[in-house]
Number of protein chains: 2
Amino acid sequence: MAVKEKDTEQKIKDAARTIFQEKGFAGARTRDIAEKAGINLALLNYYFRSKQKLYDIIMTETMQTFFGGVIKILNDEQTSIEEKIEAFVTHYIDLLSGNANIPHFILSNVREDPEGYLEKIGALQKAKHSFFFQQFIQASMEGKIPPINPIHFILNLIGLVVFPFLAKPMIAASTGISDQQYADMLEERKRLIPLWVNEMLKVK
Amino acid sequence: MAVKEKDTEQKIKDAARTIFQEKGFAGARTRDIAEKAGINLALLNYYFRSKQKLYDIIMTETMQTFFGGVIKILNDEQTSIEEKIEAFVTHYIDLLSGNANIPHFILSNVREDPEGYLEKIGALQKAKHSFFFQQFIQASMEGKIPPINPIHFILNLIGLVVFPFLAKPMIAASTGISDQQYADMLEERKRLIPLWVNEMLKVK
DNA sequence: CACTTTTTTAAACAAATGATTAAAAACTAA
DNA sequence: TTAGTTTTTAATCATTTGTTTAAAAAAGTG
């Protein structure tokens, strides 16, 4: 049974993704990426020209992974606000459970280079023009949602989902909680966060 | 009117704090710190021996700044749970409004070196043995609080306060919100977060 | 002042690191 | 097979960067 050989380019990208996410751009060593990929150092530049270009590719792909799946959830005209919140939470907890360091990776990058990649993706602009956002504004005008700045709602929803992934190393180091326990706790949040957010939407 | 001259050691620390917080350890250049401090490069090693030792000092001080003030809030035997939550939220929003990059700085550091500094401070352990935590357990046993894992509550409270500071560059880049508007929004959260958290504590 | 100690500076060092080169190896097509 | 192309490798380069050195300047001391 012949195992399909991963090609060199993909091996480099996989190694680069891991190391860039762990160490950041400045902390990553091209030699470490080459070693992890099991290739000669010169091949990295042969395929990608430079560390920076390789990083750009990894970061762009990571942004697409993170922002890509959510648009169709937000633009589903068949679902209510509550259903969208549930879908959003489940989608992201599932996604991040398999890629727990994406949030810190992206936030670090935006912090160093605020204009660099966001325009390439433009996902947050799309979210602002989504069907979900229209529903939200409408519910707000109908008095079903208190007239608070929608940015609070965005921050709360994203924060409740993402913050546990950002803070996991700190929580783990200070409580000694196991990976499995942490995963179970995240799983619980799929159910709890929508309930919490709905309660919060009643506060004025 | 003689302006008190800041001594060299303090100038280096101030410059180092800024640059380490902006660039991280790996991304920071000792030459940049020296230039920002307005001192000769060799003085950095004369006063602090190495980049690493300087970083350790800055990080320890930053952790103390972040975790220092909260213990006496949590151990105040005169205040209720609700009052402690209010005090906690106000304390941190005020603190971080003047030091907005502390959260990302600390989380990045714990991520690279999970055991390194937390023991030096041990603040999270203290929080777990605080009077506040006893009150929380008691309310839980009395049925005033649903029996959910307290880690949810911790994550929610800290996340609602801290996440807006972590995400500010991304929110700012994608919405174009001004610093003043963001500050106003954070100010609103002093009032809203305690209300939200109290509502969340009713969900089972 | 004379002397010692502390602080500061310019220069240099050594290691790390991103990138390049030139040749070898592997592969492809005629 | 052979000629040409692509991929891989070992070695090297050039720059950056943390650190050290030795001397000068400044500050302190008796």
Side-chain angles (χ1 to χ4, degrees), chain A residues 2-62 101 105 108-109 111-113 116-117, chain B residues 2-62 101 105 108-109 111-113 116-117:
Chain A
V3 173
K4 187 182 178 187
E5 183 87 19
K6 223 179 354 177
D7 72 339
T8 304
E9 197 171 318
Q10 194 57 45
K11 283 194 293 185
I12 296 173
K13 276 168 59 171
D14 290 345
R17 187 178 314 107
T18 301
I19 290 191
F20 280 137
Q21 287 185 0
E22 278 177 7
K23 308 285 187 73
F25 178 77
R29 300 288 100 105
T30 55
R31 280 168 176 77
D32 293 343
I33 295 173
E35 187 185 15
K36 168 155 281 202
I39 54 104
N40 185 285
L41 170 60
L43 278 184
L44 190 150
N45 293 288
Y46 176 75
Y47 279 98
F48 296 97
R49 300 292 305 277
S50 72
K51 179 189 179 186
Q52 182 67 57
K53 292 215 169 66
L54 174 57
Y55 181 83
D56 292 348
I57 289 170
I58 297 296
M59 181 52 66
T60 300
E61 289 184 0
T62 302
N101 29 25
F105 187 46
S108 294
N109 184 77
R111 191 164 280 267
E112 328 175 324
D113 180 14
Y117 298 87
Chain B
V3 172
K4 186 180 176 187
E5 183 86 19
K6 225 182 346 180
D7 72 338
T8 304
E9 198 171 318
Q10 195 57 46
K11 284 192 293 185
I12 297 172
K13 276 168 58 172
D14 290 345
R17 188 178 313 108
T18 301
I19 290 191
F20 280 137
Q21 287 185 359
E22 278 177 8
K23 308 285 186 72
F25 179 77
R29 299 289 100 107
T30 54
R31 279 168 177 78
D32 294 343
I33 295 172
E35 187 185 15
K36 168 154 283 203
I39 54 104
N40 185 284
L41 170 59
L43 278 184
L44 190 150
N45 293 287
Y46 176 76
Y47 279 98
F48 296 97
R49 301 292 304 277
S50 73
K51 178 188 180 187
Q52 181 68 56
K53 292 214 169 64
L54 174 56
Y55 181 83
D56 292 347
I57 289 170
I58 297 296
M59 181 53 66
T60 300
E61 288 184 0
T62 302
N101 29 25
F105 186 47
S108 294
N109 185 76
R111 192 164 278 267
E112 326 174 328
D113 180 15
Y117 298 87

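Note that the coordinates shown come from a computational prediction; the quantities given were computed from them, not determined experimentally. Letters A, B, ... mirror the listed sequences (proteins, then strands); counts begin at 1.
- The distance between atom CD1 of Ile19(A) and atom C1' of dG18(C), rounded to the nearest whole Å, is 15 Å.
- For the side-chain contact (heavy atoms from CB on, under 4.5 Å) test, residues two or more places apart in sequence or in another chain that qualify with Glu22(A) are Thr18(A).
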Using the 3.5 Å cut-off, write out each protein N or O paired with an N or O of nucleotides 8-15 of chain D and the distance between them.
{"from": "dT8(D)", "atom 1": "OP1", "to": "Thr8(A)", "atom 2": "OG1", "distance (Å)": "2.9"}
{"from": "dT8(D)", "atom 1": "OP2", "to": "Thr8(A)", "atom 2": "OG1", "distance (Å)": "3.3"}
{"from": "dT8(D)", "atom 1": "OP2", "to": "Tyr47(A)", "atom 2": "OH", "distance (Å)": "2.7"}
{"from": "dT9(D)", "atom 1": "OP2", "to": "Asn40(A)", "atom 2": "N", "distance (Å)": "3.3"}
{"from": "dA10(D)", "atom 1": "N7", "to": "Asn40(A)", "atom 2": "ND2", "distance (Å)": "3.4"}

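- Rounded to whole Å, the distance from CZ on Arg29(A) to C1' on dG18(D) is 12 Å.
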Enumerate donor-acceptor pairs with a distance under 3.5 Å from any side-chain N or O in residues 46-58 of chain B to protein atoms, sequence neighbours excluded.
{"from": "Ser50(B)", "atom 1": "OG", "to": "Gln52(B)", "atom 2": "N", "distance (Å)": "3.4"}
{"from": "Ser50(B)", "atom 1": "OG", "to": "Lys53(B)", "atom 2": "N", "distance (Å)": "3.1"}
{"from": "Lys51(B)", "atom 1": "NZ", "to": "Phe25(B)", "atom 2": "O", "distance (Å)": "2.8"}
{"from": "Lys51(B)", "atom 1": "NZ", "to": "Ala28(B)", "atom 2": "O", "distance (Å)": "3.0"}
{"from": "Gln52(B)", "atom 1": "NE2", "to": "Asp56(B)", "atom 2": "OD1", "distance (Å)": "2.9"}
{"from": "Tyr55(B)", "atom 1": "OH", "to": "Asn109(B)", "atom 2": "OD1", "distance (Å)": "2.8"}
{"from": "Asp56(B)", "atom 1": "OD1", "to": "Tyr117(B)", "atom 2": "OH", "distance (Å)": "2.5"}

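- Atom CG in Asn45(B) sits about 15 Å away from atom P in dT7(C), given to the nearest Å.
- As a whole-Å value, the separation of Phe48(A) CZ from dT7(D) P is 12 Å.
- Nearest heavy atom pair, residue Gly27(A) against residue Ala26(B), reads CA-CB, 3.5 Å.
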Report all interatomic pairs (protein N or O, nucleotide N or O of nucleotides 23-25 of chain C) with separations under 3.5 Å.
none

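- The residue Ala28(B) sits close only to the backbone: its heavy atoms come under 4.0 Å of sugar-phosphate atoms, none of a base.
- Remark: Thr8(A) OG1 to Leu44(A) CG distance equals 11.5 Å, nearest 0.5 Å.
- Looking at residues two or more places apart in sequence or on another chain, you find a side-chain contact (heavy atoms from CB on, under 4.5 Å) between Leu41(B) and Thr30(B), Arg31(B), Ala34(B).
- Asn101(A) is linked by a side-chain contact (heavy atoms from CB on, under 4.5 Å) to Gln21(A), Arg111(B), counting only residues two or more places apart in sequence or in another chain.
- The side-chain heavy atoms of Arg17(B) and Asp14(B), taken from C-beta on, include a pair separated by under 4.5 Å.
- In this structure, the separation between CD on Glu35(A) and CG on Asn40(A) is 12.0 Å, given to the nearest 0.5 Å.
- Between Gln52(B) atom CD and dT19(D) atom P the separation is 9 Å, expressed in whole Å.
- How far NZ of Lys11(A) is from NZ of Lys36(A): 14.0 Å, rounded to the nearest 0.5 Å.
- The phosphate of dG18(C) has OP1 or OP2 within less than 4.0 Å of a side-chain N or O from Thr30(A).
- The CD1-P distance, from Ile12(A) to dG18(C), rounds to 14 Å in whole Å.
- To the nearest angstrom, P of dT17(C) lies 17 Å from CG of Leu54(A).
- Separating the CD atom of Glu9(A) from the P atom of dT6(D) is a distance of 15 Å, rounded to the nearest angstrom.
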